[in-house]
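Beneath this line is the structure, given in C-alpha cells, with notes to follow.
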Amino acid sequence: MSMMPARVKYRKMHRGKIRGVATRGNKVSYGDFGLQVLTEGWITARQIEAGRMAASHYLQRQGRVFIRIFPQKSVSAKPLETRMGKGKGEIDHWVAVVKSGTVIFEIGDVEEKVARDALTRVAHKMPMRCRFVTRRHSL
Amino acid sequence: MEIPTLAVESRKSAGSRAAARLRLKGQLPAIIYGHGEAPAPITLNYREVERTLKHGAHIVNLSLGGNMQPCQFKDAQYDHLGMNIVHVDLMRIDLTQRVTLNVPIDFRGTPKGVADGGVFRHDLTDLEIECLVAAIPESIRVDVSGMALNQILHVKEIALPEGVTHVLDGDKIVAAVRLPQAVSEIPVVPAEGGPAEPEVIAKGKAEVEGEGEADKK
C-alpha cells in the first residue's frame, strides 16, 4: 500500500544526479511544524508511508499531517540470480528525489512538544538526517 | 514599543561574490527603497539584524551618515535550510503614516468544543493589518476558549486594538472547531484488483518494436 503516480509518460527512468539544494519546498507552508532533510537522496514510497503511519499513530487523530513529497521516480531492479544483459529490469519501487533543505512532512494544530515527538518518530523512518523546523512568521 | 536603531554603511560593491565576502565578515547586504528616492544598497551588522528580527520588530531606525531614517522590514531572504539570513529589504517610511504588515495571531485558551470531541484547527497564523507605525501590535491575541463544536472564527470577528484595521476579507476563516476527519486521505493503491503499475500515456515501446519487425519482414 504505497504511493505512486496514476499516469506516467514513460515507465522506466534513468538514475539521474541530484545537484544543488532545495530552492522550493524548503519552508513550512501548510502546518506549524515540519521535518526538513539535511542531505539529498531518494525516499521510497514505503518509507513515506512508514513516516505517515508513525505520525498519525502518535497523534491519535489530533492535528493534521501533511506530506510534502511524492514518489514520482521509478526504480527498476533485476531478479535475483539473473545474468547481466537482456535489457533493463522491471520496476521494483517508486522514490521521491529530495534535495537538502526540502520539508518532507508537516504537522499542524498541535502543541510544539507533541509535534516534535511525532516528527522525531517520522525522522527515524527516513534514510537521511533530518531536523525539526517551525513556521516562520511573515513580515 | 521602542524602535531599535541599526548602524548602516553604504555599499558600493554589487553581485553575489561581493555579497558573499560581506557575509564572511559578519555583515549583511541589504537594500533600502521607497518614498520616491532611488534604491540604496547598504550593509548591516548580521547579529543586530538577526536579533531584531527574532524579537519581532517590524520598524527600525537606520543611522546613515548622521541621519536617522525609519524603515520597515519588507522581506528577509534565508539560505536553503532557513538558518541564516542572506539579504533583507527595507522600505523607507514616515512615522506618521499607516503601514500594512503581517502580525502573528496568538491563540489563547482551549476551546470548549474540544472537550466535546472536536479538534481546533487554524487556517491563518498571521493577520495582515493596517495601522500607524507607532501603534504596531506585537501580536493579535485571540481568546478561543469560548468556541463550541462546529463554530467558525472569521477575520471580522477578531477584536483588534484601537486604530488597527484588517486588510483581509472579513469572511475569511481564521480557525474552527470541527470533528476529526477520517485518518487517511492519501490515494493508496489497493492490494488486489487495482493496477500495480501506472498507466503509460506515451506511445508504447512494444508497439514501435512490433512495427520495426514488420518492416524487416
Side-chain angles (χ1 to χ4, degrees), chain A residues 1-12 20-32 34 36-38 45 48-49 52-53 55-57 59-67 70 72 74 87-88 90-91 94 99-103 108-110 131 133-139, chain B residues 53-54 56-58 72-76 78-83 88-91 101-107 110 114 117-123 125-128 139 175-191 194-205:
Chain A
M1 299 278 274
S2 58
M3 293 191 285
M4 68 175 185
R7 297 166 83 219
V8 289
K9 194 161 183 182
Y10 302 104
R11 285 169 60 233
K12 297 177 187 175
V21 293
T23 53
R24 299 189 301 171
N26 58 0
K27 291 176 196 151
V28 178
S29 301
Y30 298 95
D32 301 320
Q36 186 181 48
V37 297
L38 298 176
I48 298 170
E49 177 62 12
R52 185 193 69 81
M53 283 172 67
S56 52
H57 283 185
L59 291 175
Q60 297 282 319
R61 302 181 78 190
Q62 291 291 314
R64 281 185 286 183
V65 179
F66 302 91
I67 304 170
F70 187 85
Q72 301 277 4
S74 64
K88 193 169 168 74
E90 286 305 308
I91 293 172
W94 294 81
K99 292 181 176 184
S100 169
T102 307
V103 174
D109 302 325
V110 288
R131 77 178 186 120
V133 285
T134 54
R135 178 189 276 267
R136 181 177 294 118
H137 290 287
S138 51
L139 290 166
Chain B
L53 285 174
K54 207 169 262 181
H58 291 277
Q72 181 190 357
F73 279 114
K74 287 300 278 185
D75 191 25
Y78 289 80
D79 63 356
H80 71 287
L81 293 175
M83 286 172 160
V88 286
D89 287 13
L90 292 144
M91 191 171 77
L101 70 166
N102 284 302
V103 176
I105 305 173
D106 185 7
F107 295 103
T110 307
V114 171
V119 176
F120 176 72
R121 287 186 170 180
H122 60 269
D123 291 351
T125 52
D126 302 299
L127 192 65
E128 196 174 359
S139 62
V177 180
R178 294 194 179 102
L179 283 171
Q181 292 175 346
V183 178
S184 180
E185 291 165 10
I186 299 168
V188 288
V189 181
E197 279 199 13
E199 180 194 343
V200 181
I201 53 174
K203 194 178 180 185
K205 196 181 173 186

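For the numbers below, each heavy atom of this structure counts, side chains included, while hydrogens, waters and symmetry mates do not. Order of the sequence lines fixes the chain letters, A, B, ..., with proteins taken first and strands second; residue numbering starts at 1 for each chain.
Side-chain atoms of Q62(A) and V119(B), non-hydrogen and from C-beta on, do get closer than 4.5 Å to each other. At a threshold of 4.5 Å between non-hydrogen side-chain atoms, the residues M83(B) and R131(A) count as touching. Within the 4.5 Å cutoff, side-chain heavy atoms of R136(A) are placed close to those of Y78(B). Side-chain contact between D32(A) and T125(B) is present, with at least one heavy-atom pair separated by less than 4.5 Å. Side-chain contact check for L81(B) versus N26(A): every heavy-atom pair is 4.5 Å or farther apart.
A 6.0 Å sphere centred on CE of M91(B) holds more than 12 heavy atoms belonging to other residues, nucleotides or ligands. More than 12 non-hydrogen atoms from other residues, nucleotides or ligands lie less than 6.0 angstrom from CZ of F66(A).
Here the shortest heavy-atom pairing between R121(B) and D109(A) reads CG-OD2, 3.1 Å. Taking each heavy atom of P198(B) and P5(A) in turn, the nearest pair found is CB-O, 3.0 Å. Listed here is the closest heavy atom pair of H80(B) and A22(A): CB-O, 3.4 Å. Residues H122(B) and R64(A) share a closest heavy-atom pair of O-NH2, 3.4 Å.
Neither the backbone nor the side chain of S74(A) comes within contact range of chain B; no heavy atom of the residue lies under 4.5 Å from a heavy atom of that chain. Both the backbone and the side chain of A76(B) come within contact range of chain A, judged by heavy atoms closer than 4.5 Å. For V37(A), the part sitting under 4.5 Å from any heavy atom of chain B is the backbone (N, CA, C, O) and nothing else. Contact of F73(B) with chain A is made through backbone and side chain together, with heavy-atom distances under 4.5 Å.
Distance OH/Y10(A) to CD1/I201(B): 9.0 Å, rounded to 0.5 Å. Here the CG atom belonging to D126(B) is positioned 7.0 Å from the CZ atom belonging to R135(A), to the nearest 0.5 angstrom.
At a cut-off of 3.5 Å, with distance as the only test, no side-chain donor of N102(B) or H137(A) sits close to an acceptor on the other residue.
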